[in-house]
Amino acid sequence: MKVLVISCSPRKDGNTELLLKEAFKGASDAKADVEFLRLQDFRIHPCLECLLCHKAGECVVNDDMQMLYPKLISMDAIIFGSPIFFMSIPAQGKAFIDRCQPFWAMKYLLKREFVPGKRIPRKGVFISVGGTKLTYLFSGAIKVVKSLFKVLEVDYKGELLLKGIDQKGEILKYPDALKLSYELGAKITK
Ligand SMILES: Cc1cc2nc3c(=O)[nH]c(=O)nc-3n(C[C@H](O)[C@H](O)[C@H](O)COP(=O)(O)O)c2cc1C
């Protein structure tokens, strides 16, 4: 089973990454083939809205997204992690998601199967952390991630949402949260 762990945080070893590393361990201890992708390390241009993908089912922008598309096709599960930036997800994550428009085109316009040989729907979970304790802190980000999962033929299987975590590495003070992340990583492989 192939699991993709995707981090939208620009902060290396920040709270999102620390949580995702636990989820990574949980999935790899459960014998999954797991890959960690830090979106910050890739060159991902925002969508140009040229709409050429609506005809071809492929994106014409030649950047690192071209090496991520095959991974999104071949994965069986996705662990998507993001901090909250301005009540949503950081630009790194949003650019990545907008560039998934070819999948939307294949699914809804071209009616083309793009995950052949895979069990559909696949599984996904969302892990998020925000600095404040606002009531609706995660609702914007959850909507964005659910809409990505739907387009990628992924069932939203669960979430781990942590409020009031702001300083770099602060999540380490909450071993229970790290344990829950580990467990989520293991659970997604079942
Ligand atoms: C540009 C920016 C915008 C932010 N916006 C919010 C916000 O809207 N609400 C919030 O609770 N925290 C906000 N934060 C705080 C982060 O969510 C918080 O520091 C989080 O722990 C960062 O996670 P990371 O270490 O994984 O990057 C923001 C931080 C930055 C840098």
Side-chain angles (χ1 to χ4, degrees), residues 2-30 32-44 46 64-65 68 71-72 75-100 122-149 152 154-190:
K2 279 194 182 175
V3 180
L4 279 188
V5 178
I6 297 186
S7 174
C8 300
S9 173
R11 187 150 73 171
K12 194 160 173 49
D13 298 322
N15 299 309
T16 307
E17 260 192 42
L18 290 166
L19 284 162
L20 288 176
K21 278 181 184 165
E22 289 305 311
F24 182 101
K25 268 190 237 159
S28 50
D29 286 352
D33 169 8
V34 199
E35 186 172 9
F36 198 109
L37 302 171
R38 289 182 77 239
L39 294 183
Q40 174 66 27
D41 293 341
F42 294 92
R43 207 171 32 93
I44 303 175
D64 291 346
M65 203 57 202
L68 299 183
K71 296 181 191 293
L72 292 168
M75 57 93 172
D76 300 285
I78 182 166
I79 300 172
F80 195 84
S82 181
I84 297 299
F85 277 16
F86 281 85
M87 301 307 276
S88 183
I89 67 169
Q92 288 84 346
K94 191 57 168 54
F96 165 81
I97 290 177
D98 292 350
R99 292 286 301 284
C100 287
R122 304 179 285 179
K123 293 182 188 175
V125 292
F126 178 41
I127 295 177
S128 188
V129 56
T132 67
K133 294 188 175 175
L134 291 173
T135 314
Y136 299 109
L137 185 58
F138 299 103
S139 54
I142 290 170
K143 280 192 183 131
V144 172
V145 173
K146 281 189 174 169
S147 111
L148 169 72
F149 281 9
L152 291 180
V154 168
D155 248 8
Y156 190 90
K157 287 287 189 190
E159 57 196 19
L160 176 61
L161 309 170
L162 298 145
K163 289 182 176 184
I165 312 287
D166 205 15
Q167 300 309 310
K168 183 176 178 181
E170 197 179 337
I171 196 67
L172 294 174
K173 291 186 199 156
Y174 301 90
D176 287 357
L178 297 167
K179 187 164 171 276
L180 285 171
S181 194
Y182 178 93
E183 288 167 0
L184 209 51
K187 203 173 140 201
I188 205 166
T189 66
K190 305 291 178 239

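Values in this document were obtained by computation on a predicted structure and should not be read as measured data. We use all heavy atoms of the structure for the numbers below, so side chains are in, but hydrogens, waters and symmetry mates are not.
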- request: Could you tell me which non-hydrogen atom of T16 sits nearest to which non-hydrogen atom of G81, and how far apart they are?
  value: CG2-C, 3.5 Å
message: Can you give me the closest heavy-atom contact between G124 and V154, atom names plus distance?
response: N-CG1, 3.4 Å
- prompt: What's the verdict on side-chain contact (heavy atoms from CB on, under 4.5 Å) for F126 and L161, showing C-alpha distance, side-chain angles and the deciding distance?
  reply: CA-CA 8 Å; F126 178 41; L161 309 170; 4.2 Å; yes
task: Mind checking the CZ-CG spacing from F36 to D41? Nearest 0.5 Å is all I need.
output: 9.5 Å
field: Pairwise side-chain contact, I97 with I89, heavy-atom cut-off 4.5 Å (strictly under)
entry: yes
query: In Å and rounded to the nearest 0.5 Å, what is the CG to NZ distance from L162 to K133?
result: 11.0 Å
query: Quick one: does N15's side chain have a donor or acceptor within less than 3.5 Å of a partner on Q167's backbone?
result: yes
message: Taking the side chain as everything from C-beta on, heavy atoms only, tell me whether L20 gets closer than 4.5 Å to E17.
response: no
- prompt: Any donor-acceptor pair under 3.5 Å linking the side chain of R122 with the backbone of M75?
  reply: yes
query: So do the side chains of S82 and P90 get within less than 4.5 Å of each other, counting heavy atoms only?
result: yes
message: Check this for me: K187, atom NZ, are more than 12 non-hydrogen atoms of other residues, nucleotides or ligands nearer than 6.0 Å?
response: no
field: Nearest heavy atoms of P10 and Q40, plus distance in Å
entry: CB-OE1, 3.6 Å
field: Any L68 side-chain heavy atom under 4.5 Å of F96 side chain
entry: yes
- request: Would you check if the side chain of D76 reaches a backbone N or O of K2 as a donor-acceptor pair within less than 3.5 Å?
  value: yes
- line: dist I6:CD1 -> E35:CD (nearest 0.5 Å) comes out at 9.0 Å
- prompt: Side-chain contact, heavy-atom cut-off 4.5 Å: C100 with L148?
  reply: yes
- request: Measure the acute angle between the ring planes of F149 and F80, then classify it against the limits of 30° and 60° as parallel, tilted or perpendicular.
  value: perpendicular
message: To check you understand the geometry: which heavy-atom pair defines the closest contact between T189 and A30, and what is its length?
response: OG1-CB, 3.4 Å
statement: Distance col, row M87:CE vs T132:OG1, nearest 0.5 angstrom, shows 6.5 Å
message: Testing the basics here: between Y182 and K25, what is the closest heavy-atom pair and its distance to 0.1 Å?
response: CE1-C, 3.7 Å
message: Measuring from atom CG of L160 to atom CD of E22, what distance do you get when rounded to the nearest 0.5 angstrom?
response: 11.0 Å
- prompt: Counting N and O atoms only, with roles assigned by atom type, does the side chain of K168 sit under 3.5 Å from a partner on the main chain of K12, one being a donor and the other an acceptor?
  reply: yes
message: Can a donor-acceptor pair be found, under 3.5 Å and without considering hydrogens, that links the side chain of D166 to the backbone of G131?
response: no
task: Please tell me if the side chains of L134 and I84 come closer than 4.5 Å, counting only heavy atoms from C-beta onward.
output: no
message: Within this structure, what is the CG-CG distance for the pair L172 and L18, rounded to the nearest 0.5 Å?
response: 5.0 Å
- line: Partner of E159 under side-chain contact (heavy atoms from CB on, under 4.5 Å), picked from I142, I127, V125, V145, is I142
field: Closest non-hydrogen atom pair between L72 and L4, with its separation
entry: CD2-CD1, 4.0 Å
field: Side-chain touch I79/L184, heavy atoms, less than 4.5 angstrom
entry: no
- prompt: Less than 4.5 Å apart, any side-chain heavy atom of I44 and any of Q92?
  reply: no
